[in-house]
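Read the structure below first, then the notes.
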Amino acid sequence: MPGWSVLELLRNKPEELKEHVRKRLMDPSLVDEAYRLDVEWRKLLTTVNELRHKHNVITRNIAKAASSEERAKLIREAKRLLAELEGLERKLKEVERERERVLLSLPNLVDPDVPVGGEDDSLPIEFWGRPRVWEGHLEAFREQTEKYGFKVDYEVIGWRPRGHADMLEEVLKLGDTLKAGEVAGSRFYYLFDDLVWLDLALLLYAIDYMTSKGYTLVLPPYMLRYKVISRVIDLDTFKDAIYEVAGEDLYLIATAEHPLAALYYNEEIYDEELPIKLVGVSPCFRKEAGAGNRDLKGIFRVHQFHKVEQFIFSMPEDSRKLHEEIIGNAKELFRGLGLPYRVVNIASGDLGACAVKKYDLEVWMPAQGKYREMVSASNCTDWQAYRLNIRYVRRKGMEKGYVHTLNSTAIASTRTITAILENFQEPDGTVIIPKALRPYLEMFKKAPKEVIEPRQKRPA
RNA sequence: GCCGGGGUGCCCGAGCGGUCCAAGGGGACGGGCUGGAGACCCGUUGCCCCGCAAGGGGCGCGCGGGUUCGAAUCCCGCCCCCGGCGCCA
């Protein structure tokens with residue numbers, strides 16, 4: 001038995017697998033194609049194996065042949081079989097490649113808890129904090145809270161906060177996306193002084209929290225080979241996000257999730273080692289090819305940022321519970337910062353191929369009048385593990401299977417900075433630094449301590 | 001980057017064209033023995049396919065090709081590790 005949940009369902013109940021694919025708003029004929037190729041592959045393999053067996057029997061006899069005549073006769077026979085095999089072997093390889101291509105293009109199953117539908121069907125399940133809502137955004141705010149049956153306490157403000165991009169460029173004058181655009185392209189940025197300290201402090205804050213929860217701190221490779229990265233993510237993500245190094249078989253990671261998942265590539269892990277909880281720190285490089293003109297201003301959606309990432313390898317029976325744990329960690333981190341958020345159970349059509357279930361943590365952005373994604377926590381079950389060939393071994397009975405993998409943002413630097421700039425902004429443009437970050441600023445002589453103040457001039 | 005040495009199953013390690021459908025040891029797992037543990041004995045311990053099962057078969061010696069009736073063993077390309085030289089934050 002294959003052991004990969006998707007392949008098992010494909011072989012035993014293809015119609016059920018189609019249901020999962022349909023929920024994702026994908027074309028279920030993909031399942032028919034996979035089914036057909038799998039059957040054809042197995043049939044061909046059986047035929048080829050039989051012929052190979054015949055050939056092996058003859059070959060073994062050649063060594064023991066008594067006379068040179070018998071030998072010559074057997075060699076003739078073996079050659080005849082080889083000729084017969086040649087075409088079949090070629091066909092087998094062809095089908096095998098096709099089967100593999102289609103199998104690897106299948107998305108994961110969909111967890112029964114996931115709301116079915118497209119983007120608009122994603123379901124907020126929890127709210128925290130007391131958002132500041134500009135009076136002009138009151139209706140939009142209700143659309144994002146009360147519509148889902150939640151009564152969220154909020155503070156109405158009469159002045160409209162400046163958007164994070166304006167704060168960056170005009171009020172604090174601590175960012176330059178125009179010059180970065182000229183020398184690197186749009187969606188790049190220069191940050192200066194206090195915002196750089198803030199970036200670093202956010203990372204340290206998340207690292208400190210995660211490691212104190214027992215997660216192992218990891219600084220991973222920032223590039224991976226094609227054969228590895230293509231097995232961590234799906235093809236769409238690859239096309240939309242991944243930068244390639246010219247002339248080399250190397251690809252820049254879009255998140256530490258990629259090298260962390262690859263840490264046990266082609267390995268077996270004994271059950272007593274699981275769960276393995278990791279926290280990676282890395283820059284993230286993203287093409288944002290599918291984003292169009294969305295969030296073009298500022299540093300909300302950029303080609304490069306820093307992120308602290310949670311990653312877990314677990315036994316299958318533990319992954320649901322651990323999924324709650326990692327989103328729980330993210331919630332606690334954002335509560336620590338004092339940023340008002342909601343948690344959204346992402347609808348099936350918007351899941352991404354790897355995940356059976358995904359929670360986003362979205363922070364209220366007072367200038368935009370919207371909750372925006374800061375964290376994404378996915379349970380990938382055995383989808384990545386199958387592709388990366390990472391198995392568990394249950395000591396009792398030495399049973400083997402694919403591990404489950406989970407990942408979640410802890411803190412993504414630039415996005416969280418945008419949330420801080422909008423949420424802790426005073427009417428005069430001063431930004432109050434969350435108390436939780438101060439320990440990570442105190443140790444530096446030049447770092448800001450309590451506030452970041454508006455400036456007349458860019459520092460450089 | 002150049003020169004030299006090397007990569008064998010979970011680990012160690014033999015093999016260097018057919019006696020290898022990979023020896024031997026260790027570990028792990030299952031069972032026997034035991035009041036219990038240890039020691040000891042037997043079995044299992046890569047992946048895949050067919051089969052309800054018993055069982056049968058194929059592939060596998062870093063990866064990919066090739067030579068041959070037959071490749072861990074020979075040839076070509078690539079990757080990685082160790083040592084030396086060079087370069088370097």
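Letters A, B, ... are given to chains in the order of the sequence lines, protein chains preceding strands, and every chain is numbered from 1.
- Atom-to-atom, CE of A:Met398 to P of B:C47 comes out at 11 Å; the value is rounded to the nearest Å.
- Taking a cutoff of 4.0 Å between a charged side-chain nitrogen and a carboxylate oxygen, A:Lys18 and A:Asp32 qualify as a salt bridge.
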Inset, instruction - Give RNA chain B the dot-bracket treatment, 5' to 3': Watson-Crick (N1-N3 with N6-O4 or O6-N4) or G-U (N1-O2, O6-N3) under 3.5 Å, [ ] crossing, | other strand. - result: ((((((((.[[[..)..(.....]]]((((((.......))))))(((((....)))))..[[[[[..)....]]]]])))))))....

Using atom types as modelled, flag every donor-acceptor pair under 3.5 Å from a side chain in residues 82-96 of chain A to any protein atom, sequence neighbours excluded.
unit_1  : atom_1 : unit_2  : atom_2 : d
A:Glu89 : OE1    : A:Arg52 : NH2    : 2.8
A:Glu89 : OE2    : A:Arg52 : NE     : 3.3
A:Glu96 : OE2    : A:Trp41 : NE1    : 3.1

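- Between the P atom of B:C47 and the CG atom of A:Asn389 lies a distance of 9 Å, rounded to the nearest Å.
- By the ring pair (Phe, Tyr, Trp, His ring centres under 6.0 Å) test, A:Tyr215 pairs with no residue at all, sequence neighbours left out.
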Anything under 3.5 Å between a protein N or O and an N or O of nucleotides 9-11 of chain B, put it in a table, one pair a line.
none

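- Residue contacts shown for A:Arg76 are absent, as no nucleic acid heavy atom lies under 4.0 Å away.
- The side chain of A:Arg52 places no N or O atom within less than 4.0 Å of a non-bridging phosphate oxygen (OP1 or OP2) of B:G70.
- Taking atom P on both B:U8 and B:A23, the two are 16 Å apart, rounded to the nearest angstrom.
- Among the heavy atoms of the strands lying under 4.0 Å from A:Leu82 are primed sugar atoms or P, OP1, OP2 only; no base atom is included.
- If you take CG of A:Asn49 and C1' of B:G58, they are 4 Å apart, rounded to a whole angstrom.
- Atom pair A:Lys43:NZ and B:C49:P shows a separation of 16 Å (rounding to whole Å applied).
- Atoms CG (A:Leu224) and P (B:C79) sit 17 Å apart, rounded to a whole Å.
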Sub-3.5 Å pairs of nitrogen or oxygen atoms, protein against nucleotides 15-21 of chain B:
unit_1 : atom_1 : unit_2  : atom_2 : d
B:G18  : O6     : A:Arg71 : NH2    : 2.9
B:G18  : N2     : A:Thr59 : O      : 3.3

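- The residue among A:Asn56 and A:Ala78 whose nearest nucleotide of RNA chain B is located toward the 5' end is A:Asn56.
- Look at the C1' atom in both B:G7 and B:A14: the space between them is 16 Å, to the nearest Å.
- A search for side-chain contact (heavy atoms from CB on, under 4.5 Å) contacts involving A:Lys179 returns A:Asp176, A:Glu182, A:Val183, A:Tyr190, not counting sequence neighbours.
- Neither OP1 nor OP2 of B:G30 sits under 4.0 Å from any side-chain N or O of A:Arg394.
- In this view, A:Glu267 satisfies the salt bridge (Lys or Arg N to Asp or Glu O under 4.0 Å) rule with no residue, not counting sequence neighbours.
- Spacing of P atoms, B:G9 relative to B:G58, comes out at 22 Å, to the nearest Å.
- What separates CD of A:Glu40 from C1' of B:C49 is a distance of 15 Å, to the nearest Å.
- With sequence neighbours excluded, the residues forming a ring pair (Phe, Tyr, Trp, His ring centres under 6.0 Å) with A:Phe311 are A:Phe313, listed by chain and number.
- Pairs passing the side chain to side chain donor-acceptor pair (under 3.5 Å) check and including a residue from residues 193-205 of chain A, sequence neighbours excluded, read A:Asp199-A:His306, A:Asp199-A:Ser413.
- Salt bridge A:Lys213/A:Glu325: absent, no basic N to carboxylate O contact under 4.0 Å.
- Separating the P atom of B:A72 from that of B:G86 is a span of 41 Å, rounded to the nearest Å.
- Annotation: of the two residues near RNA chain B, A:Val48 and A:Lys396, the 5′-most nearest-nucleotide partner is A:Lys396.
- At a non-hydrogen distance threshold of 4.0 Å, nothing from residues 94-103 of chain A comes into contact with RNA chain B.
- Residues passing the salt bridge (Lys or Arg N to Asp or Glu O under 4.0 Å) test with A:Glu422, sequence neighbours excluded: none.
- Under the ring pair (Phe, Tyr, Trp, His ring centres under 6.0 Å) criterion, A:Phe238 pairs with A:Tyr226, A:Tyr251, sequence neighbours left out.
- For A:Thr409 and A:Lys307, the side-chain atoms include no donor-acceptor pair closer than 3.5 Å.
- If you run side-chain hydrogen bond (donor to acceptor under 3.5 Å, both in side chains) between A:Lys357 and each of A:Asp113, A:Asn345, A:Thr381, only A:Asp113 comes through.
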